[in-house]
Structures are given as C-alpha cells and as structure tokens.
Amino acid sequence: MLRKLYEEVEGHIDGQYGYIISVLNIVEVGSGVLQPMTGLAEFNVVYQALVMKVFKNMVVDGVVTVVNPLGFWAEIGPLTMFVASALIPTYFKYDPSANPPAFISEFGDDNGHVSRIEKGVAVRARIIGIRTEATEIFCVGTIKEDYLGPQLGV
Amino acid sequence: METTQNLALPQDRYPITIVSLRVKKDSEIYRDEVIGVYEYVGTVVVKKTVVADGREIHEEVPTRRLVKEEWRSQFEGRIDKLNVSPGQTIADPKQILAVLVEPCGHPIQVRGICATCGKDLSIGDYMGNDMGRATINMAHDNRGVTVSRDVAEKLDKERSQRLLIAQKLTLILDLDQTVVHATVDPTVLQWMNDPQNPNQPFLKDVHKFEIPTYHTHYVKLRPGTREFLSAMNELYEMHIYTMGSRQYADQIAMILDPDRHLFKDRIISRDENRSNFKSIQRLFPSDQSMVVIVDDRSDIWRWSPNLYKILPFNFFVGTGDINAPRLPPSGPPRSGPVLPVSQLVAEPPDDDDEKSVEEKDLSDDVQHQFLDDLEKTRPLEKISEELEEEGDRNTDAMEVDTPAADSATDNVKPKTPTKELSPRRRTVLVDNDRELDRVTEILRNVHHTFYAEKAASGPAPPDVGEIMARQKKDVLRGVKIVFSGVIPSNLNPAQQDIWIGAEQFGAKCSVDLSDDVTHVVTVKQIGTNRTNKVRRARNMPGVFVVKPDWLYDSISRWERQEEEEYLLEEVCRGARLSLETGRAIYETGDDDEAILSGTWEHENDLFIKLGQDDIEAMDAEIEAALAEDDDSDEIDHDTQDTSFPDASQNTDADFDAFFEEGFAAFAEENESSDPPKEDEKRKAPEGER
C-alpha cells in the first residue's frame with residue numbers, strides 16, 4: 001500500500017502544493033473502506049512530503065539546458081524555465097558561432113573570465129510568470145536585474 | 001518591451017463622427033476601456049410587425065440610420081497621442097485616431113505566457129486572447145516558444161547580416177537518401193559479421209545505433225559526405241531538416257558531426273515539424289533570400305526555387321527512405337520488393353498540409369509498422385538470394401566469359417573461393433556514388449554567384465532563390481519535351497514531379513507532339529509495343545527519343561546531358577537509329593532472325609552493365625508498356641514474369657513464344673494505319689509505370 005502511495009504521488013503535480021518530490025513520512029494510514037462492487041479498498045493516508053512550489057517573483061537557481069537566439073531554457077529541479085533574450089542584460093550578446101551556442105558578456109567576471117550563458121551553466125533568475133499544466137509546471141524568468149545571471153560555483 | 005499601437009475603428013463604419021472623448025493624452029487605460037463615443041451611419045435591422053389579412057407578420061427590415069457606439073481600446077496602455085477631438089468627422093479609414101503605448105506587446109510567448117512580462121495570455125475576454133500576437137515558431141526545437149512577426153523579422157535580419165559579414169549562405173540539408181541511407185534490415189548485421197560475404201567491404205563504414213524500444217538502425221554515409229560537409233561548412237551555415245524522428249536525427253548528427261561544430265543545435269526533425277511537407281518558412285519566416293536546400297525530393301518542398309534536388313542515395317537496395325513510407329517515391333523510378341511500384345503510384349498524393357497532433361500519433365504507428373515489416377521482410381537478403389541464383393545461371397550460360405569483360409563494371413566483385421559453382425558472385429550493394437562531388441561544385445558556384453552579384457548590386461542583396469531559378473532555367477532552355485509512357489494517364493501531368501522538374505529547368509512540356517518538340521522522353525519499349533507518340537516522333541527529324549534518365553540526369557547535374565548516351569535504343573535490329581537526326585531508319589526485311597539472334601546479345605550486355613535496380617525498373621516499365629497496349633488501366637504484377645522473359649531466364653522457348661506474339665502485334669499495327677488509331681490512343685491510358 002505504501003508502494004502504491006509512492007507510485008501515485010511522487011513526481012506528480014498537485015495543484016495546491018506544486019511538485020511532490022518525495023514522501024518523507026507517513027503520519028497515519030486510515031482504516032480501509034471497501035468500495036462496493038469492485039472489491040477494492042480505499043485508505044485515507046496522511047503523509048508529509050517534500051514539495052516544491054514556486055511563486056511569482058521568487059528568485060531561483062537553475063542550470064541552463066538549451067540556448068537559442070530567442071533566449072535560454074533552464075531547469076530548476078523538476079521545473080523548466082525560459083528566459084527570453086529581452087530579459088537578458090543587453091551586454092550579453094548571442095553568439096551563434098560559439099560551440100555550444102551561448103550568450104557572451106562583453107565584460108569579464110571577477111576572475112577575468114568571459115561570462116557566458118551556455119549549456120550547463122548555473123544561473124540565478126527571478127520568476128515573472130508561472131503556468132501550471134496537468135503534468136508540468138513551467139515558468140518564465142528574468143536575469144535583467146541586479147545579482148541575477150550566471151553564477152560561479154553554484 | 002514597449003510597443004506602440006495605432007488605434008482605428010472598423011473600416012466599414014467610416015465616415016465617423018466623434019461625439020465625446022473620455023480620455024486625455026497620457027491617461028492610462030485598460031484593455032476594453034471606453035475611449036470615447038462615436039456615431040456613424042449604419043445598417044440596423046428593425047423588427048416590424050405588420051398586420052395583413054388579419055394576421056400578424058413579423059418582418060425584419062434593414063434600415064440605415066445613425067448609430068452611436070462606444071469606442072473601446074483593444075489594448076492596455078498609455079495614450080501617447082490623441083488626434084481627434086469631439087465633433088470631428090473622419091472620412092479616411094486609414095487615419096490614425098490615437099496612438100497608444102503598450103507596456104508589453106507580448107512578442108515572445110511560451111505556451112501561453114508572455115516571456116517578457118510573465119502575463120498569462122491564455123485567459124481571454126470577449127475579444128479573444130493575446131496568444132495570436134506571437135504565432136511563429138522559428139526555433140529548431142519544439143519547446144513552444146513562439147514569436148511575433150516583428151521579432152521574427154528582426155531575428156532573420158540579424159542572421160542575414162551576420163552571414164553577409166561571414167560571407168556565408170544558409171544550407172538546409174536533408175538526411176535520408178541525401179547524405180545517408182539507413183535501414184533496419186537485420187541482414188546488414190549478418191553481412192557485417194560474415195567475412196565471406198561479398199558485400200562486406202562496402203559495409204565497413206556502416207554505422208549502427210539503436211533507438212531505445214525501437215529499431216536498430218544501420219546507416220551508410222554517402223561516399224564523400226565528410227568532405228562535402230567540411231567544404232560546405234566554409235561557405236554555408238548548415239541546418240539539418242529531416243523527416244526522421246528527433247532521436248534519429250540526433251544519432252545521425254552524432255555520426256556526421258561528433259563534436260557538433262557543423263550543425264550545433266540547428267537540427268529540425270519530424271517531431272518539431274509536424275507536417276508532411278517541409279518549408280523554409282518554418283525556420284526562416286521572413287527572409288529566404290539566402291537559403292539553399294539540398295534534398296532528394298522536391299515534392300515535399302513544393303518545388304521551392306531554392307531547392308537543389310539531388311539524386312537519391314540508395315545504398316541498401318529495396319529499403320527506400322525509411323522515414324517517408326507514406327509518400328510515393330521520388331526521382332528516377334526505383335523498385336524494390338518491399339514497395340511494389342504500382343502500389344506506390346496508385347497511392348494518392350498526400351495532400352493534407354498540416355498534420356494534426358492526433359494524426360501524428362497515427363502516422364507514428366504507420367511508421368513503426370513499416371519498420372517492423374522491413375525488419376521481417378529483409379529485402380536485402382531476398383535480393384541477394386535472387387542475385388545469387390541469377391549469378392549461378394549466368395555463369396552457367398557464359399562459362400567461357402573472360403573476367404576482362406566484366407572488369408569494367410562496378411557491380412561485379414571477385415568472389416571468395418568457397419563456392420565452386422560460380423566463379424564470381426554479384427554483390428547487392430554498390431558503393432560508387434559520387435553525387436556529392438558534383439553537389440559541392442554546384443553549391444560553390446551558387447555561393448560564388450551570390451556574392452559576386454551582391455558586390456555588383458550594392459546595398460540590395462540578391463536572392464539565392466532567384467539565382468538558382470535562373471541557373472536552372474538555363475539548363476534545358478529551348479527544349480520542348482513530350483512524355484510518353486512516363487506519366488500515368490490518370491494523373492494530371494502538369495502536377496507530376498518530372499513535369500514540374502523539367503519546367504523548372506527551363507524546358508517546355510507538352511502533352512502531345514507538335515512541330516517544335518525537341519525531345520520525347522519515354523520508357524524503354526520493346527519490339528513493336530512502342531507508343532504512338534514514339535512511333536510518330538521517330539519520323540520527325542531532329543527529335544530525340546530519350547530515356548527518362550536523360551531528364552533526371554540533366555536536372556540533377558544542372559547540365560544538359562548529351563542525348564546520344566540516352567537515346568532509346570532499338571531493340572529491333574531491323575531498324576537502325578540515326579545519331580545525326582535522332583530518328584530511326586527502318587529496314588523492313590527479315591526481322592525475325594535479327595531479333596532472335598541480335599537482341600538477346602544486346603540484352604545480355606546491358607544486364608551486365610546495369611544494376612539489378614535498373615533491370616527491375618525496366619521490367620516494370622516494359623510491363624507497363626505492355627499493359628498500355630492492351631488498353632487496360634490496371635497493372636497486373638503477376639504477369640511480369642511471363643509477359644517478358646527476365647533477362648536472366650535465358651531460355652529459348654520463352655523467347656520464341658514471346659517474340660512471336662510481338663510480331664503478330666507488329667504486323668497488325670502496320671496494317672491498320674495510324675490516323676484513326678491516334679485519337680483513340682490519346683484517350684487511352686498513356687502508360688503506367
């Protein structure tokens with residue numbers, strides 16, 4: 001029965017709580033009630049779980065997955081985020097000849113490296129819009145603000 | 001992303017008079033807020049009740065009268081300019097009444113939310129929602145980013161600028177049968193592991209990959225592909241556009257371009273395209289002036305002028321294009337055991353433009369089924385077995401044949417000494433395709449012309465499509481073609497691949513013979529069974545009667561080929577072909593002897609020269625020609641083996657019977673003179689492949 005619970009809820013989306021990432025603790029398993037006609041029993045289970053729910057204006061850390069001229073995609077755990085090129089600071093220029101494609105900053109960072117947004121780079125972004133679908137939550141973000149953008153050592 | 005919007009009113013209401021205004025300059029308004037009130041002369045339906053003959057009749061009478069209406073804003077934002085004042089009458093529908101500055105024009109949207117302001121746009125009001133403001137999906141991937149026309153144009157422009165600076169053009173490259181040929185036939189693996197197999201040398205560079213829970217694919221690169229890609233990389237920014245699945249495309253890209261420096265992420269597959277057709281607009285919505293396409297099919301590009309149609313690369317014989325099983329084959333007729341030609345021709349061309357998502361699932365099933373069938377039927381093995389049988393027979397027939405006679409051909413390979421019966425064994429696979437070398441040359445030329453013209457024309461850059469169309473037009477300029485026995489009569493000839501292809505290359509096509517015809521393109525015809533047109537054309541001076549290969553080769557090489565090599569040779573030795581005039585000279589005489597002795601030897605040579613593919617194609621064509629003379633619409637595949645003795649089945653009895661038949665028909669046709677029959681002929685089917 002516990003396995004059934006894990007299968008049913010882990011990795012799924014709840015409209016109220018967002019992503020249910022992992023069931024941590026089962027508080028109470030109610031007594032089963034047989035359903036008429038089917039022979040199945042229904043149990044009310046109270047459990048604690050690790051959930052992830054994002055809110056508008058929340059600042060999140062993610063990893064860039066895809067870069068294209070329109071902007072880039074990042075993953076924040078199970079959540080995917082899109083940052084449009086308009087919301088990337090203008091000193092980041094899209095360079096299609098780079099391999100892999102990247103937004104490259106005109107300024108170096110503190111260590112003198114050119115700051116790049118390319119696949120695999122950690123970024124910090126602020127969420128500006130969220131859309132919850134049946135199987136997926138997805139949001140758009142911005143890095144055109146102070147302290148946002150590619151991060152070192154995240 | 002502030003966007004300005006010019007406000008106007010519905011065009012059919014002009015002239016209008018502004019009655020009052022409720023906003024001032026710089027006032028912030030919401031979407032659907034009332035800006036003012038205006039009036040216009042409109043048609044209003046008035047319900048009237050008329051009493052006639054003691055009964056009430058309800059009538060709706062349209063009457064014209066002054067109508068007052070509220071002027072509501074479709075957009076949210078700040079009024080930047082207000083060009084009208086109360087009491088003013090405006091007659092010109094084009095006059096801008098007010099200018100409004102939107103805080104965000106939602107030019108980039110991701111699945112219903114604006115990527116620049118984060119607003120959920122899928123929630124609409126009675127005026128609809130704002131999702132329609134960004135509908136163009138121009139990214140290679142399918143993650144749901146859509147942009148507005150303005151942004152698309154901006155991005156296209158930026159790309160063009162970048163390419164101009166780098167002196168490059170864009171090249172869209174197809175995969176299947178253009179640079180690679182893939183199959184799922186497990187025979188390939190057997191052959192690869194069998195050192196005795198004569199096909200093994202060709203299979204050394206066949207790549208194998210598995211798509212999880214799907215099929216194991218075997219992929220052969222077209223000879224010269226790597227050289228082609230690296231040469232093209234200098235001149236072109238390359239994109240992959242394939243009808244294969246995403247996984248398939250990625251796997252092939254890994255083989256072609258392991259470090260991803262050639263294509264990067266510029267790969268688009270069936271999963272992103274969702275249509276049975278390819279279009280440049282999918283990737284380059286506004287500017288196609290620098291795009292060159294290389295593909296083996298022109299129909300799915302709707303004969304785009306930017307297309308360079310390459311001859312299909314058909315390495316694994318009988319497989320065809322594994323990613324296009326639902327469409328009829330392209331290019332020169334090729335036949336295989338999996339896809340009988342008649343079946344494909346009979347299939348109606350797929351006309352539904354945009355495949356919906358549900359349909360796509362269906363087509364995926366079809367695709368899966370096709371691959372399953374392919375795995376089971378193992379066309380390669382079949383062909384190989386057939387060939388071996390033939391080979392055995394052939395060697396029996398020509399025991400004293402010297403190896404020198406065969407050394408000129410590519411198909412024949414010395415066989416390993418395991419089988420004593422046949423000293424050599426023909427291989428199924430042929431690895432002599434040098435098509436890409438020529439493509440490289442042509443694309444270089446296009447690139448060169450483009451930048452030469454750009455330098456000459458100054459600021460306005462030339463259009464590659466125009467350049468290519470012009471170069472194509474020069475190829476067959478002044479040629480007038482009549483097809484005979486090539487296009488099935490039940491199809492509209494002007495919509496056929498070969499017809500459109502010929503016209504794109506500057507030739508004029510016509511249904512019937514006329515004085516200015518220069519070429520008759522026809523399938524191989526035997527004995528007396530040639531079509532009426534061909535018979536008439538033979539008597540017209542200066543008319544070439546050529547095989548379709550002449551046209552296909554001219555088109556794919558961008559060069560008018562010498563007709564001499566493609567002339568339809570007379571099977572009947574009694575009639576000689578004059579090379580000067582291209583017409584046949586008939587010498588009626590003792591034909592029977594000539595055919596029985598002469599024809600066969602000729603055929604035998606041909607068989608060695610040509611691959612199994614060609615032989616099969618010819619068989620199909622001959623059969624079609626036979627069927628045509630019977631005035632029957634259907635192609636009876638069962639008769640194939642009996643109606644014309646296969647080149648390999650060299651039994652005298654067959655030939656005697658066959659040619660006796662042929663001559664009876666010949667005699668008949670000669671007696672009944674042509675004119676009355678011609679009209680009949682025109683109505684009758686013109687020939688099927």
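In the text below, chain A, chain B and the rest are named by the order of the sequence lines, each starting its count at 1. FYI, side chains are in, hydrogens and waters are out, and symmetry mates aren't considered; it's all heavy atoms of this structure.
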Quick one: pull up CD1 in B/I113 and CD1 in A/I130 and give me the separation to the nearest 0.5 Å.
8.0 Å
Go through the atoms of A/I127 and report whether side chain, backbone, both or neither lie under 4.5 Å from a heavy atom of chain B.
neither
State whether the number of non-hydrogen atoms from other residues, nucleotides or ligands found under 6.0 Å of A/N44 atom CG is greater than 12.
no
Considering only heavy atoms, which portion of B/V147 lies under 4.5 Å from any heavy atom of chain A: side chain, backbone, both, or neither?
side chain
Is the CZ atom of A/F43 crowded by more than 12 outside heavy atoms at less than 6.0 Å?
yes
How about OH on A/Y6, more than 12 heavy atoms from neighbouring residues, nucleotides or ligands closer than 6.0 Å, or not?
yes
Tightest non-hydrogen contact, residues A/I128 and B/C117, listed as CD1-C, 3.8 Å
Shortest non-hydrogen separation from A/A84 to B/I108 and the atoms involved
CB-CD1, 4.2 Å
Against chain A, work out which of B/K119, B/R162, B/H261 has the most heavy-atom pairs shorter than 4.5 Å and name it.
B/R162
If only atom types and distance count, is the side chain of A/R131 paired as donor or acceptor with the main-chain N or O of B/R111 below 3.5 Å?
yes
If you draw a 6.0 Å radius around NZ in A/K119, do more than 12 non-hydrogen atoms from other residues or ligands fall strictly inside?
no
Does A/E42 CD have over 12 foreign heavy atoms under 6.0 Å away?
no
Apply side-chain contact (heavy atoms from CB on, under 4.5 Å) to B/L155 and A/Y94, showing your working.
CA-CA 11 Å; B/L155 286 167; A/Y94 179 70; over 6 Å; no
So which part of A/V67 gets closer than 4.5 Å to some heavy atom of chain B, the side chain, the backbone, both or neither?
backbone
